[in-house]
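A short write-up of the structure that comes next.
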Amino acid sequence: MGSKELLSLRWGIVGCGLISSWFVADLVLPRAAAPTNHVIKALGSSSVLKGHNFAKTHCPSHHPSIYASYEEVYNDPEVDIVYIGTPHVFHLENALGAIKAGKHVLVEKPMTMNARDAEILIATAKEKGVFLMEALWTRFNPLVAHLQRLLHQERILGPLHRVSIDFSLHMPFSSLPTTSRAVDPSLGAGALLDIGIYTLTWAALILDSHPDHIAAGSPTPWMASTMSLNNGVDETTAILLNYKDIGCQAICTSTYGSPGKKEFCRIEGEKGEIVIGATIAASNPGWLEVKVSGREERIDVKRMEGAKGFYFEADAVAEDLRAGRLENDVCPLGESVRIIGLMDMVRKINGLRYPQDED
Ligand SMILES: NC(=O)C1=CN([C@@H]2O[C@H](COP(=O)(O)OP(=O)(O)OC[C@H]3O[C@@H](n4cnc5c(N)ncnc54)[C@H](OP(=O)(O)O)[C@@H]3O)[C@@H](O)[C@H]2O)C=CC1
Ligand SMILES: O=C1OC[C@@H](O)[C@H](O)[C@H]1O
């Protein structure tokens, strides 16, 4: 691994649920200009039949080995990297299993249930000398780099005043089965860990990356928050961040209670505003609109026909491995810990504990 001749990346997938299906379907789409050939080599599932059905539907031409245990994926010598697509509460155990078997790991968001567990995972990956990344795919959407250029290099909005970010999904707890990972506290349910994490990520991408904030030593923003709990977990959460060093506030809201708007993010500055939109979810931005006097433009994300955009992150991971890097600089491990740490604080203030928080 890490050598220049790595032209294919061989994936082992753990958990054959929804996100794994999206991820795999994107990776196997034929792409003329693909920098890496992503190969699905192994699938681990609670049931071999489920694994076979998954392969038939989502990667029919890849013929992966199908295993009835995740351990067999970790130990398959044909697998370079393990993708963890299980509910949050299993991320630590599954990622540790793969790392201890010497595999690189891409683990779904949130990396773990709390910052302490993320530190454990990171320390173990470092000890074993393997790559580890939280699959915060939004960071790899090409719109983000474009946005950061507009805001921080061109300074198109001038000084920033306020950023509002909302991730809303209309799937109230009452409409979901009690076994859903969004509702069941034993599976790490709740809006903050599932979708609120993206609102904090957007705040980080827009404000923590601000050159003046970095020059000021990146002080932790002042924070206030409130949660509406249902069944012991948050259905709705609001977080206010005040970056006093740059005079800008971020309002981060997330809920399962309403559909929200396509325009999920608004960045207001002295000279105008930028609005970011998404067709389905704030995790997958589709366009941005600049509304500044004398310069009004819309920029759309170009994706492969039929793809969601998971290949942006997979290609970045492959590039790191090819170059022998064990950490990605667009989605650094320190940022995963910092944002999970913010979520820990929000939960503590609002009395939301999970069993994983116990000593
Ligand atoms: N990046 C993104 O856009 C998205 C990320 N996610 C993240 O992916 C993770 C999984 O979410 P999602 O795919 O929606 O979940 P699903 O419930 O659809 O799938 C999770 C899979 O994990 C496996 N699993 C192992 N143990 C359990 C258990 N006790 N209960 C339920 N499933 C179990 C199952 O696979 P099997 O039976 O095959 O072993 C199951 O199908 C979450 O952490 C979520 O935050 C989710 C959606 C989008
Ligand atoms: O992007 C997303 O949209 C739907 C959520 O439930 C999911 O976990 C999230 O990552």
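Because only heavy atoms are used, hydrogens play no part in the values below, and waters and symmetry mates are left out as well, while side chains stay in. Remember, it's 1-based here, ligands and their atoms both numbered in the order they're listed.
Neither the backbone nor the side chain of Tyr256 has a heavy atom within less than 4.0 Å of ligand 2. Residue Lys308 does not touch ligand 2, judged by heavy-atom distances below 4.0 Å.
Salt-bridge check for Glu335 with Arg338: passed, with a basic side-chain N closer than 4.0 Å to an acidic carboxylate O. The pair Asp194-Arg181 counts as a salt bridge, with a side-chain nitrogen and a carboxylate oxygen less than 4.0 angstrom apart. Looking at Arg10 and Asp76, no side-chain N of the basic residue comes within less than 4.0 Å of a carboxylate O on the acidic one, giving no salt bridge. At a threshold of 4.0 Å, the pair Asp26-Arg303 does not count as salt-bridged, since none of the basic side-chain nitrogens sits closer than that to a carboxylate oxygen.
Looking at atom 8 (O) of ligand 2, its nearest protein heavy atom turns out to be Asp194 OD1, 2.4 Å. The protein atom (non-hydrogen) at minimum distance from atom 4 (C) of ligand 2 is Leu169 CD1, 3.8 Å. Closest to atom 3 (O) of ligand 2 among all protein heavy atoms lies Phe167 CZ, 3.7 Å. Ranking the protein heavy atoms by distance from atom 10 (O) of ligand 2 puts Tyr198 OH, 2.6 Å first.
Atoms of ligand 2 found under 4.0 Å from any heavy atom of Lys109 (numbered from 1 in listed order, with element): 7 (C), 8 (O), 9 (C), 10 (O).
Atom CD of Glu358 is surrounded by more than 12 heavy atoms from other residues, nucleotides or ligands within 6.0 Å. A 6.0 Å sphere centred on CZ of Arg298 holds more than 12 heavy atoms belonging to other residues, nucleotides or ligands.
Residues Phe23 and Leu18 share a hydrophobic cluster, clusters being chains of Ile/Leu/Val/Met/Phe/Trp/Tyr side chains in contact below 4.5 Å. Following chains of ILVMFWY side-chain contacts shorter than 4.5 Å, one cannot reach Val82 starting from Val39, and the two form parts of different hydrophobic clusters.
Taking the side chain as every heavy atom from C-beta outward, Tyr74 and Val79 never approach each other to under 4.5 Å. Within the 4.5 Å cutoff, no side-chain heavy atoms of Lys109 are placed close to those of Ile339.
Contact analysis leaves His88 out of contact with ligand 2, as no non-hydrogen atom separation drops below 4.0 angstrom.
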Quick check on ligand 1: any N or O pairs to the protein under 3.5 Å? One line per pair.
residue, atom, partner, partner atom, Å
ligand 1, 1 (N), Glu108, OE1, 3.2
ligand 1, 1 (N), Trp137, NE1, 3.4
ligand 1, 1 (N), Tyr198, OH, 3.3
ligand 1, 3 (O), Trp137, NE1, 3.1
ligand 1, 3 (O), Tyr198, OH, 3.4
ligand 1, 11 (O), Arg181, NE, 2.9
ligand 1, 13 (O), Leu18, N, 3.3
ligand 1, 13 (O), Ile19, N, 2.8
ligand 1, 14 (O), Arg181, NE, 2.9
ligand 1, 14 (O), Arg181, NH2, 3.1
ligand 1, 15 (O), Arg181, NE, 3.3
ligand 1, 18 (O), Leu18, N, 3.0
ligand 1, 35 (O), Cys16, N, 3.3
ligand 1, 35 (O), Lys50, NZ, 3.4
ligand 1, 37 (O), Ser46, OG, 2.5
ligand 1, 37 (O), Lys50, NZ, 2.6
ligand 1, 38 (O), Cys16, N, 2.8
ligand 1, 38 (O), Ser45, OG, 2.6
ligand 1, 38 (O), Lys50, NZ, 3.4
ligand 1, 39 (O), Ser46, N, 2.9
ligand 1, 39 (O), Tyr70, OH, 2.5
ligand 1, 41 (O), Gly17, N, 3.4
ligand 1, 41 (O), Lys50, NZ, 2.9
ligand 1, 43 (O), Thr86, O, 3.3
ligand 1, 43 (O), His88, N, 3.4
ligand 1, 43 (O), His88, ND1, 2.8
ligand 1, 43 (O), His91, NE2, 3.1
ligand 1, 43 (O), Lys109, O, 3.3
ligand 1, 45 (O), His88, ND1, 3.4
ligand 1, 45 (O), Lys109, O, 2.7
ligand 1, 45 (O), Lys109, NZ, 2.8

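Looking at Ser283 next to ligand 2, an N or O pair under 3.5 Å apart turns up.
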